[in-house]
Amino acid sequence: MVLGSNRMTRVWAVAGVSIGVVAGVGALPADAVSGSSPVFRKPFLEAGTAKLGGYIDMEFVVDPETSTFDQHRFVPFIYAEVSEWVHVASEIEFEHGGSVSGDGGDGEIKLEFATMDLTLSEGLNFRGGVILSPLGRLNVHHDSPMLDLTDRPIVTRRVVPTTLSESGLGFYGTLYPSELTVLDYEVYLVNGFSEDVVSGGRLDMRAGRGSQSSDNNNHRSIVGRLGFSPRLGLNLGVSGHVGAYDDQGEERLTVVAFDGQLAHGPFELLGEGAVAKATIGASVEDPTPGTAPTDAGTAGFYAEARYHLFSGAVSRFPQSVFTAVARLDHVDRDTEADGALEQRITLGLNFRPTEDSVFKNDLVFGRTKGVEAGDWDDFEVGYRFSMATYF
Amino acid sequence: MSMFPRLRVQRCRHSGHSTVIRACPAPLWLVLLFVLAGRAWSADPELSADPEQSGDRPSDAEIGEAHVYSTPDEAIREIFEGVAEVSRHRVGLTSDELARIRAETGANAPTDTLDVLCPRDGTGALLGYALVDEEVGKYRPITFLVGTRVDLAVEGVEVLVYRESRGGEVQKQRFLRQYRAKSADDPIRINKDILNIAGATLSVRALNLGVRRVLVSLELLEGRGELPTS
């Protein structure tokens with residue numbers, strides 16, 4: 001469906017006003033500055049060995065037929081240094097206002113991750129708990145204040161179902177092969193995906209996220225990522241998730257992801273690609289009479305360019321920066337069939353008064369192509385305003 | 001609406017100390033809000049950003065232990081090839097020069113006297129200049145040495161002492177080599193020509209400021225003929 005001209009006008013007007021408000025606030029005179037803290041040095045509040053922090057985001061979402069406020073995420077962190085060698089880390093996620101049984105709310109509360117680490121050295125750590133699966137880079141580095149656009153890339157929803165947390169055990173570490181290079185790895189055994197990952201002969205990765213409390217087939221899956229940085233500003237990663245997903249433990253799901261990030265001065269280019277394939281036997285779905293079961297697959301990528309501008313130009317916020325962002329998303333939801341494609345182009349301009357807080361304005365142009373459809377549908381235009389901060 | 005005033009616990013971000021605030025009628029809250037907003041509006045940015053001066057003392061764990069990576073002599077020999085000797089030239093900065101440093105870097109110079117180190121090779125030829133300087137990261141000073149070529153472009157930077165528990169990645173050449181060939185004309189800022197390290201932002205900013213200050217200082221000294229040229 002194409003937006004009507006009136007709605008289009010409203011979208012552009014809202015976008016313009018919001019950008020103006022952001023710029024106007026940023027242009028206030030300088031006389032108060034709060035210190036900025038780096039992303040990985042959250043949280044701020046410390047009592048004994050435990051530390052408390054987190055992040056919050058709020059979104060205003062305008063789509064062709066709807067517009068709404070969405071208090072999307074409120075995520076407290078709790079970290080504890082139990083001893084020099086033992087650490088506990090956790091994130092509890094309240095989504096869309098959270099939900100308590102019986103209150104009729106449409107949100108959810110979940111333990112996004114909760115891990116206990118034993119540090120043997122920087123290069124060798126043992127970890128157990130609910131683990132953020134190292135499948136692609138964004139699944140691990142997904143906090144709203146870190147991202148420069150409101151919506152996550154489509155590939156990180158359809159192919160890598162962020163946020164993917166799994167119950168398991170494994171190792172991670174960072175190595176320095178030379179003065180200029182860094183090698184990091186994570187590898188875990190986890191419960192893996194469930195049989196719900198296949199539906200109607202197609203993959204539904206989000207529905208197939210497994211249980212934190214039980215393995216449906218007594219066959220562990222393995223997930224891991226190897227990252228290499230040949231120099232500061234260039235990061236490359238390859239990751240994979242392999243294991244049986246059906247209740248009998250006979251059918252295999254394989255996900256492979258590649259990610260990269262290049263930064264040079266005020267310019268950044270990053271992206272991620274992922275492919276998921278599953279074998280489908282009769283134990284999962286009965287084939288149509290007279291046909292053999294077929295495999296299922298999905299694949300996609302995103303590429304995002306960022307340019308930081310007016311760094312420190314707003315006198316009230318000496319650490320402030322504006323960032324112009326453009327992203328291309330492409331996902332094939334069914335690689336075994338023609339069509340079933342999604343594409344999106346997102347243009348954004350955001351403002352960070354400090355590194356930890358961001359106000360985002362995004363224009364979203366999305367289109368789809370149905371299964372066996374000859375042509376793409378027309379582009380739909382949406383708008384997002386969001387704000388997010390660590391605390 | 002409840003008849004009983006609600007209690008809220010407010011925690012200091014740095015110290016973690018709790019203060020119980022008893023709910024009070026809305027107008028009084030508004031007055032309090034305006035007072036607090038006014039205080040924030042008029043706060044000195046430098047003082048607000050410095051936990052030492054604002055009275056929030058870091059814990060020992062936050063401060064960490066000092067790590068000594070090298071001496072000035074070792075750092076100079078790491079930066080310059082073929083160093084046979086290093087001479088020292090003590091030079092004073094004038095009040096005008098101190099004001100210029102303040103204007104160009106946004107921060108005061110820590111001293112009005114500089115010890116310029118001049119490495120020379122076996123033939124006595126001048127290889128460049130080096131200055132040791134300090135700048136506070138989050139809580140404690142980072143001590144570093146900046147070596148420049150004779151044309152005052154950076155030849156190399158070495159961290160001599162790092163005193164905080166986090167952010168020590170800035171002592172690796174992986175980060176420090178970004179400063180090579182920078183001059184006083186370059187911005188030397190995050191998001192412009194220096195890549196940040198997540199988790200070490202304050203240390204990166206401190207080194208940016210320190211390197212910029214060294215380059216401006218050397219340029220001023222060269223301008224009035226205080227630097228050896230051979």
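Source: prediction; values computed, not measured. Atoms considered below: every heavy atom in the structure, side chains included; atoms not considered: hydrogens, waters and symmetry mates. Residue numbers start from 1 in every chain, and the chains themselves are labelled A, B, ... in the order their sequence lines are given, proteins ahead of strands.
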**OP:** Before giving the answer on side-chain contact (heavy atoms from CB on, under 4.5 Å), spell out for A/His264 and B/Leu195 the whole-Å C-alpha distance, their side-chain angles and the decisive distance to 0.1 Å.
**Re:** CA-CA 7 Å; A/His264 184 77; B/Leu195 296 177; 6.0 Å; no
**OP:** Rounded to the nearest 0.5 Å, what's the gap from CZ on B/Arg205 to CD on A/Glu355? Could you check?
**Re:** 6.5 Å
Original post:
So how far is it from B/Asp193 CG to A/Ser311 OG, rounded to the nearest 0.5 Å?
Top reply: 10.0 Å
Original post:
Considering only heavy atoms from C-beta outward, does the side chain of A/Leu232 approach that of B/Ile197 to under 4.5 Å?
Top reply: yes
**OP:** Identify the residues of residues 142-158 of chain B whose heavy atoms come closer than 4.5 Å to a heavy atom of chain A, ordered by number, or report 'none'.
**Re:** none
Subject >> Contact class of A/Ser178 relative to chain B, heavy atoms under 4.5 angstrom >> reply: neither
Original post:
Applying salt bridge (charged side-chain N to carboxylate O under 4.0 Å, His left out), which residue pairs with at least one partner in residues 168-178 of chain B are found, sequence neighbours left out?
Top reply: none
Subject >> Engaged part of A/Tyr176 at the chain B interface, taking heavy atoms whose separation is under 4.5 Å >> reply: side chain
Original post:
In terms of heavy-atom contacts, does CE of A/Met58 have more than 12 from other residues, nucleotides or ligands at under 6.0 Å?
Top reply: yes
Original post:
Is the backbone N or O of A/Glu179 less than 3.5 Å from a side-chain atom of B/Gln173, with the two atoms forming a donor-acceptor pair by type?
Top reply: no
Original post:
Do the non-hydrogen side-chain atoms of B/Lys192 and A/Pro266 ever get within less than 4.5 Å of each other?
Top reply: no
Subject >> Atom pair CG/CZ of B/Asn191 and A/Phe310 - distance to nearest 0.5 Å >> reply: 13.0 Å
Original post:
So what's closer than 4.5 Å to chain A heavy atoms on B/Ile190: side chain, backbone, both or neither?
Top reply: backbone
Original post:
More than 12 non-hydrogen atoms from neighbouring residues, nucleotides or ligands closer than 6.0 Å to CZ on A/Arg152, yes or no?
Top reply: yes
